[in-house]
J.: 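Let me begin by handing over the structure; questions about it come next.
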Amino acid sequence: MMNEGQVLNASGPKKRGSSYRWLFITAARSFIVIVCVMIAVFFLIRIVPGDPAKMILGEYATPEALESMHHALGLDLSLGEQFLRFLSNLFTQGDTGNSIVSGNSTRVLIAERAPVTLLLIAMSSVLAIVIALLLATLASTNKNKWPDHLIRIFPTVTMGMPVFWVGLLLILLFGVRLRWFPVGGAGEGWGMVYSLILPSITVAFSQMPTLVRSLRAQMLDVLESDFIVTLKAAQIPSRVILFKHVLRNAALPTLMLFGVNLSYLIGGTLVVEQVFGIKGIGSLLFSSISNRDFPVIQGIALYCAVAVVIISLLVEIVSWWLDPRTKGKS
């Protein structure tokens, strides 16, 4: 008959093997998604009507000039040969080729615009999480009272508001009328942080409704659980119960929801950059689309997709690590 130590030693390698298998499957699934994104980014952009050579030379370019430009850009090759060149540039140089318009590397162009976009995403994420945490805590601790009813109306009203429309309203109110913030552009240093306050509020505004609704529901479930009733009976301070037990157990599903919605946050960031005239990756993407700049469009789409997949993978790993129930099922 096996004692407790033997049982633990026997189950340990099995659990570790199961964990490693789960990590491998999760990483492999993320890799397959990235490969599918690479293929989709390359082929879908070529379905859109328009000729990059004609965009560069103008609509009155001669057939000979267009043919020469097609050869210079590699557009006279078959799709298979173009795809192989695309993969070669991606794995050897880390980019999707040189820009058709400027001739610069897409990696360099994106790296020049990335800091302001990454700062905007970071500020929006922090703002959305903090405000959602405050509103959900206030609503769940005042169930069926006027703060709860008021906060529950907030997601219903704001879910249908387009992010660009919210940005325009904030510009009119805080930029034009009150003149508290600049109406567009991004400064340098701390001036950049100040100029990105309105854009970050705009992006966070689109994420807060789902986060507030999810976190409030999870906190109410935890507050009504048996172990919380036991802690209250033991006269544990309400603040300790709320922050040490309720939030810790309720935050995990909301964290996973935030990871899922991260792609929408990045997409909203690119649109908001256009509204506020910020020279980030979003403005580069829209100008490249209008110029049919294949390499730049492919690079931005691919880098954004890879970033979303990697962050989603990290969120899934963190959730698996924090939740003992998922460890038992892995």
Side-chain angles (χ1 to χ4, degrees), residues 26 29-30 33 120-163 165-166 200-229 231 238-269 271-272 304 307-330:
T26 304
R29 185 171 64 244
S30 301
V33 171
L120 178 56
I121 293 174
M123 292 176 60
S124 305
S125 301
V126 172
L127 194 61
I129 292 173
V130 170
I131 295 179
L133 183 63
L134 294 175
L135 294 180
T137 302
L138 181 61
S140 60
T141 53
N142 294 274
K143 183 181 178 182
N144 294 330
K145 297 180 181 179
W146 70 265
D148 185 27
H149 293 303
L150 190 62
I151 293 173
R152 288 167 66 183
I153 294 174
F154 170 73
T156 305
V157 174
T158 57
M159 282 287 287
M161 294 183 179
V163 64
W165 184 75
V166 174
S200 62
I201 293 175
T202 305
V203 178
F205 197 83
S206 64
Q207 299 298 313
M208 285 187 291
T210 55
L211 296 180
V212 171
R213 181 178 295 178
S214 171
L215 187 56
R216 175 191 173 275
Q218 296 298 327
M219 291 183 69
L220 286 176
D221 288 341
V222 178
L223 283 169
E224 296 171 357
S225 60
D226 294 336
F227 83 96
I228 294 297
V229 175
L231 292 175
S238 300
R239 183 177 300 177
V240 175
I241 294 176
L242 180 63
F243 290 101
K244 187 176 181 180
H245 299 281
V246 176
L247 283 178
R248 182 176 180 180
N249 287 277
L252 185 58
T254 305
L255 175 64
M256 297 180 66
L257 176 64
F258 178 76
V260 171
N261 289 342
L262 189 64
S263 58
Y264 298 101
L265 185 143
I266 293 178
T269 300
V271 174
V272 168
C304 289
V308 170
V309 171
I310 291 176
I311 295 176
S312 300
L313 174 62
L314 293 177
V315 169
E316 192 171 352
I317 291 175
V318 170
S319 302
W320 166 82
W321 180 68
L322 291 176
D323 193 348
R325 294 170 297 179
T326 58
K327 287 184 179 182
K329 294 177 182 179
S330 59

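Residue numbers start at 1 and run along the sequence shown. Computed from a predicted model, the values in this text were never measured in an experiment.
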J.: Quick one: side chain to side chain contact (heavy atoms under 4.5 Å, CB included) partners of I129, sequence neighbours excluded?
T.: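 With neighbours one apart ignored, the set is F258.
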J.: How long is the gap from CG on L133 to CE on M219, to the nearest 0.5 Å?
T.: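 One finds 7.0 Å between CG of L133 and CE of M219.
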J.: Measuring from L215:CG to T137:OG1, what's the distance to the nearest 0.5 Å?
T.: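 These two atoms lie 6.0 Å from each other.
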J.: When rounded to the nearest 0.5 angstrom, what is the spacing between CG in L138 and CG in L150?
T.: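 Going from the CG atom of L138 to the CG atom of L150 covers 9.0 Å.
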J.: Which atom pair, heavy atoms only, marks the closest approach of A132 to L211?
T.: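 Taking every non-hydrogen atom into account, CB-CB, 3.7 Å.
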J.: Quick one: which residue pairs count as a ring-ring contact (aromatic ring centres under 6.0 Å, His included) with a foot in residues 200-224, not counting sequence neighbours?
T.: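 Residue pairs with at least one partner in residues 200-224: F154-F205.
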J.: Looking at A139 and R216, what are the two nearest heavy atoms and their distance?
T.: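 Scanning both residues, the minimum pair turns out to be CB-CD, 3.9 Å.
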J.: Given 3.5 Å as the limit, does a donor-acceptor pair link the side chain of S124 with the main chain of L120, or not?
T.: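 It does hold such a pair.
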J.: Considering all heavy atoms of both residues, which atom of S140 and which atom of L220 are nearest to each other, and what is their separation?
T.: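 Taking every non-hydrogen atom into account, O-CD2, 3.5 Å.
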